[in-house]
Amino acid sequence: MTTVESKTGSTSKTNKYAVPALDKGLDILEYLVSQELPRSQAEIALGVGRNPNEIYRVLVGLEARGYLVRDELSGRYQLSLKLYNLSRSISPIDQLRQVALPQMEDLAVRIGQSCYLSMLYQSQTMVIIQARSQVPVSVNIAEGSLFPTMTTTSGKVLLANSNDEVRDMILQREKGFSKLTKSNQNSLFAELNSIRAQGYLLADNSITDGICDVAVLIGEPEGKVVAALAVSVLKNKTYQASSMLDIKHELLVTADKIAKQLGY
């Protein structure tokens with residue numbers, strides 16, 4: 001088994017299918033992404049922890065494929081816009097659906113409850129993906145449904161894990177927030193901080209009586225994709241509070257699988 005050590009500061013990983021030339025190319029691209037100014041071959045080699053001769057052919061290849069631009073006078077390299085243009089061709093929501101739906105369908109079967117994934121949309125919380133349970137009675141929330149962000153379980157998870165600028169913008173647009181006393185506003189901020197720290201929220205549904213919600217974060221706070229995976233459970237005769245803890249655990253496991261497939 002071959003051990004390959006990343007030259008960009010990440011921890012060592014074991015990979016029996018290592019492709020040295022590919023590793024060099026990715027090291028170079030990742031290094032140049034972090035640099036504000038063009039870099040020479042020697043500077044790039046130092047930055048990725050390799051010998052200048054090792055990366056010469058890789059630099060030539062990346063330039064030929066249009067990923068790098070080389071200044072004719074200084075000989076320094078910088079990234080072209082090719083990576084940016086490629087990234088724009090990938091829809092984050094399409095990618096999220098492709099990754100999340102199979103995991104969510106498996107979750108719905110395991111827990112016997114429908115589940116749904118939400119994201120922020122124009123300061124509200126929109127259900128992007130739903131996986132229906134096959135049991136006769138469960139709470140189903142249609143894709144495309146919009147809910148207030150400040151007062152819903154999924155919304156609070158999204159709000160808690162958004163950056164400060166997004167959070168403040170949403171709260172400024174929420175009529176209910178401006179009507180809160182300063183003390184209640186501070187209580188809301190404390191609740192959001194708590195949600196962010198624990199990565200989930202388990203609470204009664206604020207819109208419909210007799211329903212308990214649990215929502216967890218997918219990914220990382222302030223990440224490139226901030227989404228919430230949630231389940232709403234009817235408080236019927238078979239309902240038990242302890243079962244919500246089991247559902248929360250299953251949600252966290254599923255959210256972690258989705259996040260890893262998305263590259264978190």
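Basis for what follows: all heavy atoms, side chains included, without hydrogens, waters or symmetry-related copies.
Atom CE of M150 and atom OG of S206 lie 9.5 Å apart (nearest 0.5 Å). Taking CD from E174 and OG from S123, the interatomic distance works out to 8.0 Å, rounded to the nearest 0.5 Å. To the nearest 0.5 Å, the span separating CG on L159 from CG on L201 amounts to 11.5 Å. Annotation: the span from L29 atom CG to L68 atom CG amounts to 6.0 Å, rounded to 0.5 Å. Note that the CG atom of L262 and the NZ atom of K257 stand 14.5 Å from one another [nearest 0.5 Å]. Summarising the geometry, atom SG belonging to C115 is positioned 10.5 Å from atom CD belonging to Q103; distances are rounded to the nearest 0.5 Å.
For the pair T151 and K156, the minimum side-chain heavy-atom distance is 4.5 Å or more. At a threshold of 4.5 Å between non-hydrogen side-chain atoms, the residues F177 and Q172 do not count as touching. Residues V69 and Y77 fail the side-chain proximity criterion, which asks for heavy atoms closer than 4.5 Å. Annotation: side chain of D256 is not in contact with side chain of L252 (no heavy-atom distance under 4.5 Å). A 4.5 Å side-chain heavy-atom check between R50 and D27 finds at least one atom pair inside the cut-off. Residues Y31 and L79 are not in side-chain contact: their nearest non-hydrogen atoms beyond the backbone lie 4.5 Å or more apart. In this structure the side chain of L37 never reaches within 4.5 angstrom of the side chain of Q78, judged on heavy atoms. Using a 4.5 Å heavy-atom threshold, the side chains of L171 and Q185 count as separate.
N186 places a side-chain N or O within donor-acceptor distance of the main-chain N or O of K182, the cut-off being under 3.5 Å. Here the side chain of Q98 pairs no donor or acceptor atom with the backbone of Q95 at under 3.5 angstrom. When atom types are taken as modelled, the side chain of S114 and the backbone of S138 share no donor-acceptor pair closer than 3.5 angstrom. In this structure, the side chain of S187 engages the main chain of S183 through a donor-acceptor pair within 3.5 Å. Of the possible polar contacts, none joining the Q113 side chain to the V231 backbone as a donor-acceptor pair under 3.5 Å is found. In this structure, D106 contributes its side chain and P102 its backbone to no donor-acceptor pair below 3.5 Å. Proximity of a side-chain donor or acceptor of T254 to a complementary backbone N or O of L251 within less than 3.5 Å is not detected.
Using a 4.0 Å cut-off between charged side-chain N and carboxylate O, K235 and D204 make a salt bridge.
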Which is it for I195 and Y200 under the side chain to side chain contact (heavy atoms under 4.5 Å, CB included) test, yes or no, and what are the steps along the way?
-> CA-CA 6 Å; I195 294 169; Y200 71 90; over 6 Å; no

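When the side chains of ILVMFWY residues are joined at heavy-atom separations under 4.5 Å, either directly or via intervening members, V253 and I258 end up in two distinct hydrophobic clusters. L117 and I93 fall within a single hydrophobic cluster, where Ile, Leu, Val, Met, Phe, Trp and Tyr are joined by side-chain heavy atoms under 4.5 Å apart, directly or via other members. A single hydrophobic cluster is seen to contain both L146 and L229, as judged by linkage of ILVMFWY side chains at heavy-atom distances under 4.5 Å, directly or through other members. In terms of hydrophobic clustering, with Ile, Leu, Val, Met, Phe, Trp and Tyr side chains grouped at heavy-atom distances under 4.5 Å, V19 and L26 are assigned to a common cluster. In the hydrophobic cluster analysis, where Ile, Leu, Val, Met, Phe, Trp and Tyr join through side-chain heavy atoms closer than 4.5 angstrom, V214 is grouped together with L245.
Between A228 and S154, the shortest heavy-atom distance links the atoms CB-O, 4.0 Å. Here the shortest heavy-atom pairing between I218 and A255 reads CG1-CB, 3.9 Å. Nearest heavy-atom pair across A45 and I55 is N-CD1, 3.6 Å. Nearest heavy atoms, L101 versus Q130: CD1-O, 4.0 Å. Among all heavy-atom pairs drawn from S232 and D213, the shortest one is OG-OD1, 2.7 Å. Nearest approach of A230 to A215, heavy atoms of both residues: CB-CB, 3.7 Å.
Looking at N184 and T181, their side chains do bring a donor and an acceptor atom within 3.5 Å of each other. Side-chain contact annotation: R173 with T149, donor-acceptor N/O pair under 3.5 Å absent. For the residue pair D246/S243, the side-chain donor-acceptor check at 3.5 Å is not satisfied.
Of the candidates R196, R167, E165, R196 is the only one forming a side chain to side chain contact (heavy atoms under 4.5 Å, CB included) with E222. When T125, L96, V226 are each tested for a side chain to side chain contact (heavy atoms under 4.5 Å, CB included) with M119, only one passes: L96. Under the side chain to side chain contact (heavy atoms under 4.5 Å, CB included) rule, R76 has a single partner from E43, Q41, R70, which is E43. N161 pairs with exactly one of N163, L158, V157 by the side chain to side chain contact (heavy atoms under 4.5 Å, CB included) rule, that one being V157.
Applying the under-4.5 Å side-chain rule to Ile, Leu, Val, Met, Phe, Trp and Tyr, the cluster around F147 extends to Y116, V127, V137, V139, I141, I207, I211, L234.
Remark: N236 CG is packed, more than 12 non-hydrogen atoms of other residues, nucleotides or ligands lying under 6.0 Å away.
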Name the atoms and distances for all side-chain donor-acceptor pairs under 3.5 Å in residues 56-64, with sequence neighbours left out.
none

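Within the structure, salt bridge (Lys or Arg N to Asp or Glu O under 4.0 Å) contacts touching residues 129-151 (residues at least two apart or in different chains) are R97-E143.
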